[in-house]
Amino acid sequence: MNKSKRMKVVFFIYIAVVIKVIIFKYPWEDLRVIVNSWEKDVILEGLDTANFTLFKTIKMYIDYSYMLNSFENLVGNVVVFIPFGFLLPYIQPKSRNFFVLLLNAFLFVLGIEVFQLFSAFGAFDVDDILLNCVGAVMGWAAYVEWEAVKKRRFVKSRQCL
C-alpha cells in the first residue's frame, strides 16, 4: 500500500474514532433510549440547552475549574482535532492552504455540533467549534513544520552528495 492510501486509511480511522467519541459516546442502550424518545418537543429541547454565546462555556470551565473537569474538557476539545489538521493536507492537497483547512475543519465540526443539537446525542456548544478549530489549526501548523523539516533534511542530504 502506497503512502497516499495509508494516509487515507489513517484519516478514515481517525474520523471514525472522532465520530464514535463525540457523537456516539454513550452506551448503545442509552443511544437507543434517546432515539426512541425522539419527538418534536425532545428535539427542540436541544435549542434550550445549546450554547450560542462565544466563550460562555470556556469562561464557566475557568471560573469553576476547582469543581469541574475543566482541563480535560478544554484541552480535550483542542487535542482531539490536532490530527485532523495534520492529516487532511496529506489526503486533500488543497488543505495545505490555511484557509481551506480551517474551512474544512469548521464545516466538519459544525456538522457534528448541529447533529448533536437536533439528535440529543450531545449538546451544541459554539465554544466546542472554536476549540476544535484551534486544534485543527495546531495540527496544520505541525504539518507545515514537519514538511519544512523534511525539506531541510532532503536539501542537506543532497548537498552532501
More than 12 heavy atoms of other groups within 6.0 Å of Lys20 NZ = yes
Roughly how far apart are Glu113 CD and Ile22 CD1, rounded to 0.5 Å?
-> 7.5 Å
How many angstroms lie between CG in Asp128 and CZ in Phe81, if you round to the nearest 0.5 Å?
-> 9.5 Å
Set of side-chain hydrogen bond (donor to acceptor under 3.5 Å, both in side chains) partners for Asp48, sequence neighbours left out | none
Side-chain (Asp127) to main-chain (Phe55) donor-acceptor, under 3.5 angstrom = yes
Is any NZ, NE, NH1 or NH2 atom of the basic residue among Glu29 and Arg32 found under 4.0 Å from an Asp or Glu carboxylate oxygen of the other?
-> no
Treating Ile, Leu, Val, Met, Phe, Trp and Tyr as nodes and any side-chain heavy-atom pair under 4.5 angstrom as an edge, say whether Tyr90 and Val9 lie in one connected cluster.
-> no
Using the rule that two of Ile, Leu, Val, Met, Phe, Trp, Tyr join whenever any of their side-chain heavy atoms come within less than 4.5 Å, decide whether Val21 and Phe24 are in one cluster.
-> no
Any side-chain heavy-atom pair of Val18 and Ile112 under 4.5 Å = yes
Is Ile19 reachable from Ile13 through a run of hydrophobic residues whose side-chain heavy atoms are each under 4.5 Å from the next?
-> no
Separation of Leu88 CG from Met7 CE (nearest 0.5 Å) = 10.0 Å
If two hydrophobic side chains count as joined below 4.5 Å and joins carry through other members, does Val35 share a cluster with Val33?
-> no
Would you say Leu130 and Val126 make side-chain contact, with heavy atoms under 4.5 Å?
-> no
Please say whether more than 12 non-hydrogen atoms of neighbouring residues, nucleotides or ligands are located less than 6.0 Å from NZ in Lys150.
-> yes
Could you walk me through whether Ile58 and Leu131 pass the side-chain contact (heavy atoms from CB on, under 4.5 Å) test, one step at a time?
-> CA-CA 9 Å; Ile58 294 170; Leu131 294 168; 4.1 Å; yes
What distance do Leu31 atom CG and Lys25 atom NZ have between them, rounded to the nearest 0.5 Å?
-> 9.5 Å
Could you give all pairs that pass the side chain to side chain donor-acceptor pair (under 3.5 Å) test and reach residues 93-111, with sequence neighbours left out?
-> Gln92-Ser95, Gln92-Asn104, Ser95-Asn104, Arg96-Tyr143
Under 4.5 Å between any side-chain heavy atoms of Phe124 and Leu47, yes or no?
-> no
Working to the nearest 0.5 Å, report the span between CD1 of Ile82 and CG of Leu87.
-> 11.5 Å
Side-chain heavy atoms of Ile34 within contact of Tyr26, under 4.5 Å = yes
Between Ser70 and Ser65, the two heavy atoms sitting closest are OG-CA, 3.3 Å
Any side-chain donor near an acceptor of the partner, Tyr61 and Glu72, under 3.5 Å | no
All heavy atoms of Gly85 vs all of Pro89, minimum pair found to be O-CD, 3.2 Å
Salt bridge (Lys or Arg N to Asp or Glu O under 4.0 Å) contacts in which one or both residues fall within residues 115-124, not counting sequence neighbours = none
So CZ of Phe84 and SG of Cys133: to nearest 0.5 Å the spacing works out to 8.5 Å
Transitive ILVMFWY side-chain link Val17 to Val10, under 4.5 Å | no
Out of Trp146, Tyr14, Phe11, Trp140, which residue meets the side-chain contact (heavy atoms from CB on, under 4.5 Å) rule with Phe86?
-> Trp146
Taking atom CZ of Phe12 as the centre, report whether more than 12 heavy atoms of other residues, nucleotides or ligands fall under 6.0 Å from it.
-> no
So does Phe99 have more than 12 non-hydrogen atoms from other groups sitting under 6.0 Å from CZ?
-> no
